[in-house]
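Report on one structure; see the data block that follows.
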Amino acid sequence: MKIKYYDLIAVSGIHTGINVALMKVLKMVYENQEGVDFYAEPMHSKICNEKWSGNDVHFHTMKLMPAKLFGGSKMILRDALSCLYVFKAFLFSSRQDILIFSLAYPLAQYLIYLLSKLSNKKDIFVCLHGEMEVIVDDRSFRSKRYQNLTKKVLNSNSKIHYIVLGESIFKNLKHLFARPEKVIVIEHPYEFKTIDLHSVANFKPLVIGQIGMGETSKGTGSLFEIAKMLENEIQQGKLIVKLAGRLNPQLMKLDNGLVEYHTNFLDSNTFESEIQSLHFTLQLVPFSKRKVTASGSFFDTLKYQKPYLSLENEYIGFFHSKQPNSGALFTTLQEMAAYIKHQLDGGSDEFSTQYQKSIEAIRELQRNLSLTNIAESFKNQLNKV
């Protein structure tokens, strides 16, 4: 019995963290497996290989379309090509093998569904990610017919086990499934490796910022808005506001001279250094958006033990309810800006004490979200279906 693991969409470094972490979870769930075969586009497979420790995974490549066809309606072309590898996955695997498709779009999902009905394979998994936004958001660019392929599959009686990354996300997707009891609901797998955390005890200046690619969907416009609200503090040298990542060129028009950002993609060392420089991360996706997408930037926040300042958001609110000291939630940007001003004007001893409490709360969240705990939850749910 082997685990056959396919990522049909991701390119380069996108999604590598979760692929590595989820493979480790699966290896703990299926303790008697003979190893893992991992399939992805060449650069993605190479990066995952570099992140993996050990020789029990064989990394393979798939000739998916170029990265320039990533995003927008061009994704349908990649989706169509990925169907070839879905055929191969079923054709060249045994009944005992575990098939997992960690990222698949509607055409591939529909084909997986059709082949699963013809197959005698026991365990077939499809992991659902941000692509589900197009299912719940009728304003998506994709045609209704294309969207409805996934809706049809989820609402069908099949042997597929779907994996949803988060209880709060499943709450917003549950109505789509014909058999919600077969869905495996786990928190986003993430490796909280021991890292050399840089000391940021000196809060002069205070450094706050957003992590990752600056996009409209991530609320990056609000990053420039809050910087404007805090313009006096920035100009006085009390505060630095930054984007720890590349700003989408289409958002360059927002530049008001108050936010530090990058125009090129960051290598891993620079990206880590930028996150390390922050005292607080800003989570700026509003409550009405991205109700079915896990937040990679939030998990980077936890990894580097950075307290967060977040607009009220279902996903982050779920974790905040478990450890309220790990950060702060706000209804509006104005409230967030007022909080930051208060911290800048407050007593340093009180601020330092509260900051340390936040770090301790984040460490507790890390322990609760360990891969061992996630694997145990996965196994318990699998044994019940």
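Sequence positions, counted from 1, serve as the residue numbers for this chain.
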- Task: Taking the six-membered ring for Trp and the single ring otherwise, decide whether the centroids of F330 and Y339 are under 6.0 Å apart.
- Result: yes
- pair Q356-Q354: side-chain heavy atoms closer than 4.5 Å: no
- Task: Give the C-alpha distance, both sets of side-chain angles, the deciding distance and a yes or no for salt bridge (charged side-chain N to carboxylate O under 4.0 Å, His left out) between K228 and E225.
- Result: CA-CA 5 Å; K228 186 64 178 176; E225 287 184 48; over 6 Å; no
- Task: Could you check if a side-chain atom of Q334 sits within less than 4.5 angstrom of a side-chain atom of M229, using non-hydrogen atoms only?
- Result: yes
- Side-chain (K306) to main-chain (Q276) donor-acceptor, under 3.5 angstrom: yes
- Message: Quick one, K121 with D97, criterion salt bridge (charged side-chain N to carboxylate O under 4.0 Å, His left out). Give me CA distance, side-chain angles, the key distance, then yes/no.
- Response: CA-CA 7 Å; K121 300 185 193 308; D97 288 340; over 6 Å; no
- Roughly how far apart are H188 NE2 and S295 OG, rounded to 0.5 Å? 8.5 Å
- Under 6.0 Å between ring centres, would you say that holds for Y6 and F38? no
- Item | N313 versus S310, closest heavy-atom pair with distance | CB-OG, 4.5 Å
- Message: Could you check whether any side-chain heavy atom of V20 comes within less than 4.5 Å of a side-chain heavy atom of E191, counting everything from C-beta outward?
- Response: yes
- Closest non-hydrogen atom pair between I9 and R78, with its separation: O-NH2, 3.0 Å
- Task: Indicate, with yes or no, if the rings of F271 and F265 have centres closer together than 6.0 Å.
- Result: no
- Message: So does A104 get a backbone contact from the side chain of Q109, meaning a donor-acceptor N/O pair under 3.5 Å?
- Response: yes
- Message: Any side-chain to backbone donor/acceptor pair from S321 onto F318? Under 3.5 Å, distance only.
- Response: yes
- Query: Considering only heavy atoms from C-beta outward, does the side chain of K379 approach that of E31 to under 4.5 Å?
  - Reply: yes
- Is it true that a side-chain atom of S119 and a backbone atom of S116 form a donor plus acceptor pair closer than 3.5 Å? no
- Message: If we ignore hydrogens and angles and just use 3.5 Å, is the side chain of Q381 paired with the main-chain N or O of V185 as donor and acceptor?
- Response: yes
